[in-house]
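Have a look at the structure below, then the notes.
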Amino acid sequence: MPKTFYIETFGCQMNVHDSEKVRGMLETRGYSKVPTPDEAGMLLYNTCSIRDKAEQKVFSRLAGLKRKVGGKTVGVLGCVAQHNGEDIFDHAPHVDFVCGSASYTSLPAILDRVEAGESRVTGLALDTDETFDVPSVERDRPYSAYITIIEGCDKECTYCVVPFTRGPERSRASESVMREARDLEARGYTEITLLGQTVNSYRDPSPAGWSFARLLDEIGRLPRIRRVRFTTSHPADFTPDIVQAIDRNESLCDWVHLPVQSGSTDVLRGMQRTYSRDEYLRCIDMLKGADRTIELSTDIIVGFPGETERDFEKTLSLLDEVQYASVFSFKYSPRRGTAAAEMPQVPEEEKSRRLLVLQEHQRRIQLRRNTALIGGLQEALVEGRKERFDQWVGRTTQNRVLNFTDPSGLAGERDLRGRYCQVRVTASGPNSLVGELADAVSQPGFQGLHILN
Ligand code: 5AD
Ligand code: SF4
């Protein structure tokens, strides 16, 4: 019987990329990926535990499986696996193995044991196995690639489960990062996103001793890599040389994601974020002083323990001051084992109210800012298609979603995915732009523009 697997991924880009690594590893072992659980001999869930809702989603998915799994093997991977460990078997007895995000290199050994008929197999070591140099990664998109440069996290934010689920911070040797980047370039990838929980805390552990800015410079210089992104940055490690590297390298995208979490210094102190509102704003000033216009996005938690109405208003005023292009906002969710879970909590209804107020506040900012882009030209890297609207879905260097039509009449005949297109913006909403393809379309892998015939 052919060995097949289905994998569902929850959570962040780190998890998305981990699933690509797992896929590569399994395909090397003769498994093939199938698009639905019904066709698969093995079901894998790569899980997220950042907030309670994310974790509940995983458990309800597992509960829903109970009656259907039949002879299938079921594995739980990722952050819930790491955080809940063997307890998962008690919740969901039809699970055969759990494997945390730091243990993917032991997956083949785990599978050997499962294939030999063992049940309740675990791989939960936190920092022993390196997952950087997996021999083969099967990426989902042939033009855009993630590269992990740093794993884990050494910050001690009082709300966050990540240090428990992904272990201590480990940077990857610069030579290994460059090898992967050059290989991707040679295979036709044109966009690279460097990944890490605190990506800019990167410090090359090899004798070369590169800083994060040096790594950006070197990747930014690869001639056929047209866009370089990095995420997520921590404000405390956001040094001026990073902005200088952006200035020097046009391929470094005009976008930085810099989570602030709160606009109140008191709340930031409770969160142990290690910077004040003013220090964060100095970072923003530095980015606003860059040669190109760097768009900013952020993460915000509302209703952190002890957050008063005044604190919350400071977050709203910070949004006014920074003028982010987008904001990911969340209600604080207590996580087992974290310091903030033990602090006096803000009532649920109050958290919900603040979230709505914040989202409406930011929606207006985005609507106004996106409207100002109407009439202009933007370059979009095409990522997909919305058949129903006859639109291509692209992303600008500033990380805005840009949906556009192709008025040339060739829409049905050419696949624009992976191509860089010049698009005239014709309309906008709070979360995306709408446009029309202008006349030139660039070939992937080239810096210049080429007309397609
Ligand atoms: N509750 C709510 N949001 C959280 N985040 C991290 N931990 C929590 C939590 N316990 C948010 C932060 C982080 C983003 C990935 O998720 O804003 O930047
Ligand atoms: Fe979720 Fe954090 Fe794990 Fe990413 S690292 S999957 S956000 S818990």
Side-chain angles (χ1 to χ4, degrees), residues 7-22 45-58 76-84 99-104 126 131 146 148 150-169 195-200 231-236 256-263 267-268 270-275 280 296-305 307 315 318 324 326-343 345-346 348 351-352 354-355 358-359 362:
I7 187 164
E8 182 173 356
T9 307
F10 302 83
C12 64
Q13 284 147 314
M14 300 284 283
N15 257 22
V16 171
H17 187 38
D18 282 344
S19 289
E20 294 177 334
K21 293 180 193 175
V22 167
Y45 297 89
N46 191 2
T47 60
C48 170
S49 54
I50 194 90
R51 284 168 291 275
D52 189 52
K53 226 167 147 183
E55 195 171 298
Q56 289 317 319
K57 214 163 152 189
V58 173
V76 177
L77 314 174
C79 293
V80 175
Q82 193 67 55
H83 201 45
N84 299 57
C99 178
S101 3
S103 301
Y104 292 141
L126 252 190
T131 51
Y146 294 126
T148 312
I150 176 168
E151 291 267 14
C153 181
D154 275 353
K155 306 276 190 248
E156 292 176 335
C157 303
T158 53
Y159 52 81
C160 190
V161 80
V162 169
F164 302 97
T165 64
R166 289 190 168 266
E169 183 185 295
L195 287 184
Q197 292 300 335
T198 54
V199 73
N200 58 319
T231 194
T232 290
S233 296
H234 193 290
V256 168
H257 183 62
L258 198 62
V260 63
Q261 312 299 358
S262 168
V267 173
L268 291 171
M271 291 175 164
Q272 269 177 222
R273 286 292 285 176
T274 73
Y275 54 83
Y280 179 86
L296 300 159
S297 58
T298 200
D299 292 345
I300 295 210
I301 298 176
V302 298
F304 181 80
E307 185 189 69
T315 300
L318 184 103
Y324 293 106
S326 67
V327 170
F328 300 89
S329 50
F330 314 100
K331 286 193 273 183
Y332 169 69
S333 166
R335 308 310 293 131
R336 183 167 48 81
T338 60
E342 309 301 321
M343 300 175 186
Q345 303 291 314
V346 172
E348 194 57 33
K351 287 196 261 187
S352 303
R354 289 181 193 171
L355 187 68
L358 181 128
Q359 289 178 341
Q362 177 61 22

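As the structure lists them, so they are numbered: ligands from 1, and atoms in each ligand from 1.
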Which is closest to atom 2 (C) of ligand 1 in terms of heavy atoms, His234, Lys331, Gln261?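 Considering heavy atoms of His234, Lys331, Gln261, the nearest to atom 2 (C) of ligand 1 sits in Lys331.
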Classify the angle between the aromatic ring planes of [X] and [Y] as parallel (below 30°), tilted (30 to 60°) or perpendicular (above 60°).
X      : Y      : result
Tyr332 : Phe304 : perpendicular
Tyr45  : Phe10  : tilted
His83  : Phe164 : tilted

Check ligand 1 against Arg335 and write out every atom of the ligand that is under 4.0 Å from a heavy-atom position of the residue.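 By the 4.0 Å cutoff, the relevant atoms are 10 (N).
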Under 4.0 angstrom from ligand 2, any heavy atom of [X]?
X      : value
Met14  : no
Gln197 : yes
Ser49  : yes

Backbone or side chain, does Cys48 get an N/O/S atom under 2.8 Å to atom 4 (Fe) of ligand 2?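 No, Cys48 does not qualify, because none of its backbone or side-chain N, O or S atoms lies under 2.8 Å.
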Indicate whether any N or O donor in one side chain lies under 3.5 Å from an N or O acceptor in the other, for Ser101 and Asp18.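 The answer is no; no qualifying pair exists.
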Could you tell me if Arg273 and Tyr159 have a donor-acceptor pair between their side chains, going purely by distance under 3.5 Å?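 Per modelled atom types, Tyr159 and Arg273 side chains form a pair under 3.5 Å.
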Mind checking whether Tyr332 has an N or O less than 3.5 Å away from an N or O of ligand 1?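 In fact, backbone or side chain, Tyr332 has no N or O that close.
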Geometric N/O contact Arg51 with ligand 1, under 3.5 angstrom: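 Indeed, backbone or side chain, Arg51 has an N or O that close.
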Over all atoms of both residues, closest heavy-atom pair of [X] and [Y]:
X      : Y      : value
Val199 : Ser233 : CG1-OG, 3.9 Å
Val80  : Cys48  : CG2-O, 3.3 Å
Gly263 : Thr315 : N-OG1, 2.9 Å
His257 : Phe328 : CE1-CD1, 3.7 Å

Starting from [atom], what is the nearest protein heavy atom, named by residue and atom, and what distance separates them?
atom                    : value
atom 2 (Fe) of ligand 2 : Val162 CG2, 3.2 Å
atom 4 (Fe) of ligand 2 : Cys12 SG, 2.3 Å
atom 18 (O) of ligand 1 : Asp299 OD2, 2.6 Å
atom 3 (Fe) of ligand 2 : Cys79 SG, 2.2 Å
atom 1 (N) of ligand 1  : Ser333 N, 2.9 Å

Within a 6.0 Å radius of atom CD on Gln359, are there more than 12 heavy atoms belonging to other residues, nucleotides or ligands?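 Yes - once you tally the heavy atoms of other residues, nucleotides and ligands closer than 6.0 Å, there are more than 12.
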Under a 4.0 Å heavy-atom limit, does Tyr159 contact ligand 1 with its side chain, its backbone, both, or neither?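 Both backbone and side chain of Tyr159 come within 4.0 Å of ligand 1.
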Which bit of Ile50 gets closer than 4.0 Å to ligand 1, counting heavy atoms only: side chain, backbone, both or neither?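 Within the 4.0 Å criterion, Ile50 contacts ligand 1 through backbone and side-chain atoms alike.
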Should you measure from each heavy atom of Asn15, which atoms of ligand 2 turn up under 4.0 Å away?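 In order of numbering, the contacting atoms are 6 (S).
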Heavy-atom contacts with Arg166 under 4.0 Å: which atoms of ligand 2 show up? List them by number with element.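 Atoms satisfying the 4.0 Å criterion: 3 (Fe), 5 (S).
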Is Lys351 salt-bridged to Glu307, going by a charged N under 4.0 Å from an acidic O?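 No.
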